[in-house]
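Convention: sequence-line order gives letters A, B, ...; per-chain numbering from 1.
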Amino acid sequence: MKSRARPPRRTQTQMDASAPHAPAAEDIARGRMRERGFDPGTSNSTAIEVACLLAGSPREVLARIVPGDPLGVRDAVVAALHEACVFLDADRVHLRGLARIARGAARSVTRADLAAWVREEVAAAVAELLREEIEAPRADPGTAQAQFARPLGLDPEAVQRGCAAFNRLPRTDRAAFFALVLRDVGLDALARATGEAPSELGRRARRGLDAVLHAHHPELPPPTRPIAPARDHAVRVAKKEAGRSAGGADDSRQRTETPR
Amino acid sequence: MKSSILDRRAQARLLRVLRACTPRRPRRVLLEEAEIELWRLYRREQAELLRQAGDLRLAPARTEARSAWRAALRDWRRRAAECAGLCAHDGYPLAPRLAACLAHPAHGWPAAAALHSDAARLGALPT
């Protein structure tokens, strides 16, 4: 195998000739690092690269962070969406996150942990887009929901409405739906992992599905069984009391909330 | 016959859509798209600054509220100047009324209603 050609070794004279330029470049890099909150004493080449990456105006920063994704924004987007358990267009979150990072690079001078800061900006982008979805819902034909719905014969606007309704549910409901329905985690495994009752997890996942279905048919009553009316409940309580006073065993069917 | 979303096959198709829309790795974006998004961010920031300028337009009548108003005005001027500087550097347009606010003292600003209407116009972003 051929050995790689090495660059020619510099002579002492050449090194001396370039010596006056070297400290100047180092000083600039150190100055930028101090500006960005990095400690030059413990610096390494990565820190210098990051400091240079985030220097300048937002548009200049954008031009450096978009090609090749050196800050790992795409991974941060996936992590943020998984964490939030929401149906949002990942590409929109990515674009918003990049713009926020570029803008924030000029604003915030010090930061201890760059990865944590990127995660924060992406999480803020998710929150911003969710807020916009509530404040000004709009049918965007370019979203992932619309693109996937059309070939399957579903109304893209209804799917978007359903996703928006799902995103408004409490996080616990969304997480249960994601785990049980979309990731196909077993009910028992999820119950063991979360320490919650399987019936409660099932109810939560069902609420997630109901939110999506209800957006398609708002005129229909909610598909889940309604809670028993007050009169039936009073009758059941009275029966239970009567059973207790008779010394009989408690019927497990009487404990259920819904009438059979 | 048009299928209802409540029948099983339609629900299965819906679940396929939802599975496809689960958090995924976004595609690689082009710099142009990111620059358009940055422009939207600038517009939102300018809209917010104009809305705040409309609120700060008149000094409060009560003397004890004046110092808080002055501090808010100083903070507003700092943020507006930063935004204007970055817009100029990056080549994005600055709202004319925002530029007028930066150039004049608060009592010479455009009317609060005009500032609020500009804020609403900038806030309503084109898709």
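A cation-pi arrangement is found for A:Arg59 relative to B:Tyr92, the charged atom lying closer than 6.0 Å to the ring centre and inside a 45° cone about the ring normal.
Both the backbone and the side chain of A:Leu62 have a heavy atom closer than 4.5 Å to some heavy atom of chain B. Looking at A:Phe178, only its side chain comes within 4.5 Å of chain B, counting heavy atoms on both sides. For chain A, the nearby part of B:Leu30 is the backbone; its heavy atoms alone come within less than 4.5 Å. A:Val86 touches chain B through its backbone: at least one of N, CA, C or O sits under 4.5 Å from a heavy atom, while the side chain does not.
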Which side-chain N or O atoms in residues 64-77 of chain A pair as donor and acceptor under 3.5 Å with protein atoms at least two apart or in another chain?
| residue | atom | partner | partner atom | Å |
| --- | --- | --- | --- | --- |
| A:Arg64 | NH1 | A:Cys52 | O | 3.2 |
| A:Arg64 | NH1 | A:Leu53 | O | 2.8 |
| A:Arg64 | NH1 | A:Ala55 | O | 2.7 |
| A:Arg64 | NH2 | A:Ala55 | O | 3.1 |
| A:Asp69 | OD1 | A:Gly72 | N | 3.4 |
| A:Asp69 | OD1 | A:Val73 | N | 2.9 |
| A:Asp69 | OD2 | A:Val73 | N | 3.2 |
| A:Asp69 | OD2 | A:Arg74 | N | 3.0 |
| A:Arg74 | NE | B:Pro26 | O | 2.8 |
| A:Arg74 | NH2 | B:Pro26 | O | 2.6 |
| A:Asp75 | OD1 | B:Arg25 | NH1 | 2.1 |

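Closest approach of B:Asp90 and A:Pro58 over heavy atoms only: OD2-CD, 3.4 Å. Annotation for A:Ala63 and B:Leu31: closest pair CA-CD1, 3.7 Å, computed over non-hydrogen atoms.
With rounding to the nearest 0.5 angstrom, the CG atom of B:Leu41 is 11.5 Å from the CG atom of A:Leu95. Separating the NE2 atom in A:His94 from the CD atom in B:Glu37 is a distance of 11.0 Å, to the nearest 0.5 Å.
By the 4.5 Å heavy-atom criterion applied to side chains, A:Glu60 and B:His89 are counted as neighbours.
Ion pair A:Arg103/B:Glu82 flagged as a salt bridge, since at least one NZ, NE, NH1 or NH2 atom sits closer than 4.0 Å to an Asp/Glu carboxylate oxygen.
If you tally non-hydrogen atom pairs under 4.5 Å between each of A:Leu81, A:Asp91, A:Val78 and chain B, the highest count goes to A:Asp91.
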